[in-house]
There are 2 protein chains.
Amino acid sequence: MVHSGEQAAPTLHDLPEAGAEPDHSDGSAAYQFLGTRWNLQIISALLDGYTRFTEIALLLNLNSRTLAERLKHLELEGIAVRRGHNQIPVRVEYELTAKGQALREVVSEIRKWALQADGQTAMEVIGETNGGRYAEHDILRIR
Amino acid sequence: MVHSGEQAAPTLHDLPEAGAEPDHSDGSAAYQFLGTRWNLQIISALLDGYTRFTEIALLLNLNSRTLAERLKHLELEGIAVRRGHNQIPVRVEYELTAKGQALREVVSEIRKWALQADGQTAMEVIGETNGGRYAEHDILRIR
DNA sequence: CCGTATCCTCTGGGATACTG
DNA sequence: CAGTATCCCAGAGGATACGG
């Protein structure tokens with residue numbers, strides 16, 4: 001991408017060509033989008049009120065190159081908007097559009113799942129380790 | 001993977017080392033997992049009752065190599081189980097565990113989102129195109 | 001039918017350095 | 001601070017062929 005016009009997921013908007021084969025392939029654009037690395041985490045961060053570029057980069061420990069690309073993608077999808085307050089020092093804020101806010105439910109469910117999944121995993125671990133102590137793994141952190 | 005023990009997402013189970021830096025980085029394993037290409041689609045397919053290997057491969061237009069790897073991963077995560085009926089011709093079925101079934105809510109929310117996202121997008125498109133006809137794009141297909 | 005084994009290409013994305 | 005520009009490579013994953 002860096003090479004010739006960065007571009008992550010097929011921009012939601014796109015259809016293989018009206019006359020092509022009844023291709024069920026690509027799977028819904030939504031899955032494609034949500035299934036793209038970092039997108040969920042970034043959205044999650046935005047939902048939690050993190051709006052600054054650097055803030056998010058630090059939070060997710062994500063390099064600026066990738067974050068910039070993803071945010072640009074979110075903008076194209078109409079999921080987030082960039083609001084640049086031209087002042088010194090530069091201050092930019094990203095926030096979710098209605099479409100982006102609508103993902104709150106999705107993220108919410110994911111968090112629920114992660115929690116119970118953690119529980120189940122913990123039980124498995126407990127089963128195979130002795131003592132009431134948790135092993136030094138299986139701690140699902142939800143950002 | 002084929003090369004040296006294929007392995008997609010960090011197996012949910014894993015922690016950078018108890019004594020490491022308070023690394024908030026990696027983001028929850030759940031996001032890592034759901035944010036891995038194909039996982040969501042495969043789970044969605046399983047939720048919809050598609051249980052056969054070939055069936056899923058065709059449905060998602062996914063090659064066997066990748067599908068096999070992902071399914072193996074799902075098994076390791078305790079999200080799906082492989083049930084091999086030893087008969088001729090070979091017949092294998094994959095089904096979700098309780099942990100996997102729990103993802104139904106997540107998938108459900110994603111579908112809802114995709115639908116309304118589609119609506120919003122359609123409206124935008126309508127706004128910039130004339131006539132009541134939809135442009136030949138923006139058709140969100142849900143797996 | 002259900003995979004595994006190879007080969008091989010493409011690109012995601014980290015590291016690093018630099019601008020406005 | 002908020003990116004952009006490069007360099008660069010491990011690894012995702014498609015195509016193809018084969019095996020139980």
Side-chain angles (χ1 to χ4, degrees), chain A residues 1-11 23 25-27 31-33 35-42 45-46 50-75 80-95, chain B residues 1-11 23 25-27 31-33 35-42 45-46 50-75 80-95:
Chain A
M1 37 173 73
V2 164
H3 325 82
S4 63
E6 192 109 39
Q7 172 239 38
T11 60
D23 184 36
S25 56
D26 71 16
Y31 287 134
Q32 171 71 27
F33 171 74
T36 293
R37 199 176 174 191
W38 297 120
N39 281 351
L40 270 170
Q41 275 112 308
I42 293 173
L46 290 172
Y50 293 87
T51 62
R52 313 290 301 283
F53 186 91
T54 303
E55 195 175 38
I56 296 173
L58 259 51
L59 181 73
L60 304 179
N61 192 27
L62 177 58
N63 67 76
S64 59
R65 195 196 138 285
T66 303
L67 178 56
E69 186 241 319
R70 289 298 194 279
L71 285 173
K72 203 167 291 178
H73 188 210
L74 292 192
E75 282 186 78
V81 287
R82 189 194 121 113
R83 210 174 295 295
H85 313 254
N86 37 338
Q87 56 184 242
I88 310 290
V90 183
R91 180 186 180 81
V92 177
E93 302 207 290
Y94 286 90
E95 48 186 274
Chain B
M1 41 172 70
V2 165
H3 327 81
S4 62
E6 190 109 37
Q7 171 240 36
T11 59
D23 183 37
S25 57
D26 71 16
Y31 287 133
Q32 171 71 28
F33 171 72
T36 294
R37 200 177 172 190
W38 298 120
N39 281 351
L40 270 171
Q41 276 111 309
I42 293 173
L46 290 172
Y50 293 86
T51 61
R52 311 291 300 282
F53 186 92
T54 303
E55 195 175 38
I56 297 173
L58 258 52
L59 181 73
L60 304 178
N61 191 27
L62 177 58
N63 66 75
S64 58
R65 195 196 139 286
T66 304
L67 178 57
E69 186 241 318
R70 288 297 194 280
L71 286 173
K72 203 167 290 179
H73 188 209
L74 292 191
E75 282 187 78
V81 287
R82 188 194 122 112
R83 211 173 294 293
H85 313 255
N86 37 338
Q87 57 184 243
I88 310 290
V90 183
R91 180 185 180 79
V92 176
E93 301 207 291
Y94 287 89
E95 46 186 275

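Below, chain A is the first sequence line, B the second, and so on; all start at residue 1.
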Participant: Rounded to whole Å, please give me the gap between CD1 in Ile42(B) and P in dA12(D).
Facilitator: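 Those two atoms, CD1 and P, are 14 Å apart.
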Participant: Under 4.0 Å: is that the gap between some side-chain N or O of Thr66(B) and OP1 or OP2 of dA12(D)?
Facilitator: no
Participant: Roughly how many Å is it from CD in Glu69(A) to P in dT4(D), rounded to a whole number?
Facilitator: 11 Å
Participant: Checking Glu75(A) now: which residues fulfil side chain to side chain contact (heavy atoms under 4.5 Å, CB included) with it, not counting sequence neighbours?
Facilitator: Arg82(A), Tyr94(A)
Participant: Between the protein and nucleotides 1-3 of chain C, list the N/O to N/O atom pairs that are separated by less than 3.5 angstrom.
Facilitator:
| from | atom 1 | to | atom 2 | distance (Å) |
| --- | --- | --- | --- | --- |
| dC1(C) | O3' | Arg52(B) | NH2 | 3.1 |
| dC2(C) | OP1 | Arg52(B) | NE | 2.9 |
| dC2(C) | OP1 | Arg52(B) | NH2 | 3.0 |
| dC2(C) | OP2 | Thr54(B) | N | 3.2 |
| dC2(C) | OP2 | Thr54(B) | OG1 | 2.5 |
| dG3(C) | OP1 | Arg82(B) | NH1 | 2.1 |
| dG3(C) | OP1 | Tyr94(B) | OH | 3.3 |
| dG3(C) | OP2 | Tyr94(B) | OH | 2.6 |

Participant: It should be established whether Arg65(A) places a side-chain nitrogen or oxygen under 4.0 Å from OP1 or OP2 of nucleotide dT11(C).
Facilitator: no
Participant: Looking at every non-hydrogen atom in both residues, tell me the closest pair between Tyr31(B) and Leu40(A) and how far apart they are.
Facilitator: CD2-CB, 4.0 Å
Participant: Tell me: CG of Asn63(B) to P of dA17(D), nearest whole Å?
Facilitator: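 Distance check: Asn63(B) CG to dA17(D) P gives 14 Å.
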Participant: Might you point out which heavy atoms bring Asn39(B) and Phe33(B) nearest each other, and give the distance in Å?
Facilitator: ND2-O, 3.0 Å
Participant: Atom CD of Glu75(A) and atom P of dG3(D): how far apart are they, to the nearest Å?
Facilitator: 8 Å
Participant: I need the CG-P distance between Leu62(B) and dA12(D), as an integer number of Å.
Facilitator: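 Checked: the CG to P distance equals 14 Å.
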Participant: Whole angstrom is fine here: how far is it from CG in Leu60(B) over to C1' in dG13(D)?
Facilitator: 14 Å
Participant: Which residues satisfy the side chain to side chain contact (heavy atoms under 4.5 Å, CB included) test with Glu55(B), sequence neighbours excluded?
Facilitator: Tyr50(B), Thr51(B), Arg52(B)
Participant: How would you list, by chain and number, every residue that makes a side chain to side chain contact (heavy atoms under 4.5 Å, CB included) with Val90(A), sequence neighbours excluded?
Facilitator: Val92(A)
Participant: Starting at NE2 of His73(B) and ending at P of dG13(D), how long is that distance when rounded to a whole Å?
Facilitator: 12 Å
Participant: Quickly work out the Leu58(A) CG to dC1(D) C1' distance and round it to whole Å.
Facilitator: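 Rounded to the whole Å, the gap is 12 Å.
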Participant: How far apart are the closest heavy atoms of Ala80(B) and Leu46(B), and which atoms are they?
Facilitator: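 Closest approach of Ala80(B) to Leu46(B): CB-CD1, 4.3 Å.
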